[in-house]
*Asks:* 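Provided herewith is a single structure, encoded as structure tokens, for subsequent inquiry.
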Amino acid sequence: MKINEMIETAEKRAANAFLRVDKNALVCQERVLKAFQAHRISARHFAPTEGYGYDDVGRDALDEVFADALTAESALVRPQIANGTHAIFLALSGVLEPNDTVLSLTGTPYDTLESAVGLNGDIPNALSRFSIRFHAIPLCNDHIDFEKAGEELKKDATIRMVYLQRSRGYAWRTAMTVKQIGETIAFVRSIRSDVIVFVDNCYGEFTEEIEPTAVGADLIAGSLIKNCGGGIAPTGGYIAGRKDLIEAVSYRQTVPGCGKEIGSYAASYRPFYQGLFMAPHVVAQCLKSAILFSALFESLGLKTLPGVDNARSDIIQSVMFDTKEEMIAFMQAVQAAAPIDSFVVPEPWDMPGYTDPVIMAAGTFVQGATTELSADGPIRAPYTAYMQGALTYEHAVLAAKSVLNALIAAH
Ligand SMILES: *Cc1c(COP(=O)(O)O)cnc(C)c1O
């Protein structure tokens, strides 16, 4: 079959899934728009500030708009939060105290968090250094091990936080849907009503009509160069949730006692506002691109997750290649289709925070931004690549052609 025909067939196969994506985007867009209107956002909120940043209206209103957009009481949104890992670490270190235990029900956390919580040795400022334990119960066939979770919650009184990771990270699993997160929270609360439920919300925002905060999560966190930044925010992260907890986190982000009241930003806040406004639409582009690739991988006989018609709660499409060479050819084809650095040939390399060499295709406007079409994966068998993003669906179609050509040639 010719490549154009393969794409047409894949699009036909994806038609129903695309309709669901559009419907979801409309619901999210309306909530985001209302948040802007409720807080009477105007050009004055975009103005840069300097020095202490007292009375920085742009910073303060951004917190409020994000809180509403994410159905949370409060939020802390800062350009100074370097990435998603930093946002998550702030959330944990901001609310946990010595001798607390974090119980993860979704296995070990995302690779870059292992060092931060102390699972990669007792390094300075890891949570372990403050006598905060991180205990992970592995997923069992993609599902939470409720039996083990219940036992732990009953027997270990030091558990102060339950940790859930919504997205798959670098693992062959499906994302947790918000419905599943809600059911898990209800289960946790039926045993221990006092524990804080934290959700690593990276890659999940606006992929569904509601967020984990709407089903009882106390705190969520994520990156602004993923979904919530709409491909426009240049950097940053957010934490959202219960007001008292966000205040505690702000005492970690700046200083106990000062919290949210300090911190200036000498560039404009406009990209953060505009990025949030664009986010539901850009996430829809990402989802359609993932669905297209899912259909194409399926037609090539590759193992891929999620399937075209499966529920989605993150923007990632996983695919398993038979060989390392195929995986590398795929990455190079994605890179060659990028608007930026299309002439660069990606190779596996050792990255800070990751245990295996990683190969990445990221020809992005914002360095490492994964709402832009990108792919990555650790070089370890089985050769699984994770792809995500696309600022426009049309770009994904063009990248799909590049990938099909490369994979057919590599076979
Ligand atoms: C991206 C991501 C993070 C944070 O990664 P950063 O690269 O630090 O932004 C954490 N958890 C999951 C599941 C992620 O996808």
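Note that the numbering runs from 1 along the sequence shown for the chain. What's counted below: heavy atoms across the whole structure, side chains too, no hydrogens, waters or symmetry copies. Order of appearance sets the numbers: ligands from 1, and atoms from 1 within every ligand.
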*Asks:* In this structure, which one of Phe46, Tyr238, Phe66, Tyr265 forms a ring pair (Phe, Tyr, Trp, His ring centres under 6.0 Å) with Phe272?
*Replies:*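 Only one option passes, and that is Tyr265.
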*Asks:* How far is atom 9 (O) of ligand 1 from its nearest protein heavy atom, and which residue and atom is that?
*Replies:*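 The answer is Gly84 N, 2.8 Å.
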*Asks:* Examine Gln165 against ligand 1 and note whether any of their N/O atoms are separated by less than 3.5 Å.
*Replies:* no
*Asks:* Counting heavy atoms only, name the option from Asp200, Ile316, Leu113 that's nearest to atom 12 (C) of ligand 1.
*Replies:* Asp200
*Asks:* Is there a donor-acceptor pair under 3.5 Å between the side chain of Asp218 and the backbone N or O of Phe198?
*Replies:*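 Side chain of Asp218 to backbone of Phe198, a donor-acceptor pair under 3.5 Å: no, none is there.
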*Asks:* Looking only at the side chains, is there a donor atom on one of Gln180 and Arg166 sitting less than 3.5 Å from an acceptor on the other?
*Replies:* no
*Asks:* Applying a 4.0 Å heavy-atom criterion (strictly less than), which segment of Lys226 is in contact with ligand 1: side chain, backbone, both, or neither?
*Replies:* side chain
*Asks:* Between Phe297 and Phe293, is the gap from one ring center to the other below 6.0 Å?
*Replies:*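 Here the rings of Phe293 and Phe297 have centres that are less than 6.0 Å from each other.
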*Asks:* May I ask you to check whether Thr85 has an N/O atom sitting below 3.5 Å from an N/O atom of ligand 1?
*Replies:* yes
*Asks:* At under 4.0 Å between heavy atoms, which part of His86 makes contact with ligand 1: side chain, backbone, both or neither?
*Replies:* neither
*Asks:* State which residue, out of Ile316, Ile315, Val199, fulfils the side chain to side chain contact (heavy atoms under 4.5 Å, CB included) condition with Ser167.
*Replies:*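 Among Ile316, Ile315, Val199, the one meeting side chain to side chain contact (heavy atoms under 4.5 Å, CB included) with Ser167 is Ile316.
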*Asks:* In terms of side-chain geometry, is the basic nitrogen of Glu152 or Lys148 positioned less than 4.0 Å from the acidic oxygen of its partner?
*Replies:* no
*Asks:* Under 3.5 Å, N or O to N or O, is Tyr110 touching ligand 1 that way?
*Replies:* no
*Asks:* Select the closest option to atom 15 (O) of ligand 1 among Tyr386, Tyr203, Phe89, judged by heavy-atom distance.
*Replies:*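 Going through Tyr386, Tyr203, Phe89 one by one, Tyr203 has the nearest heavy atom to atom 15 (O) of ligand 1.
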*Asks:* With a 4.0 Å cut-off on heavy atoms, is Ile88 in contact with ligand 1?
*Replies:*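 Contact check Ile88 vs ligand 1: positive.
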*Asks:* Okay, side chain of Arg20, backbone of Ala311: is any donor-acceptor separation there less than 3.5 Å?
*Replies:*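 Here the side-chain-to-backbone pair does not exist.
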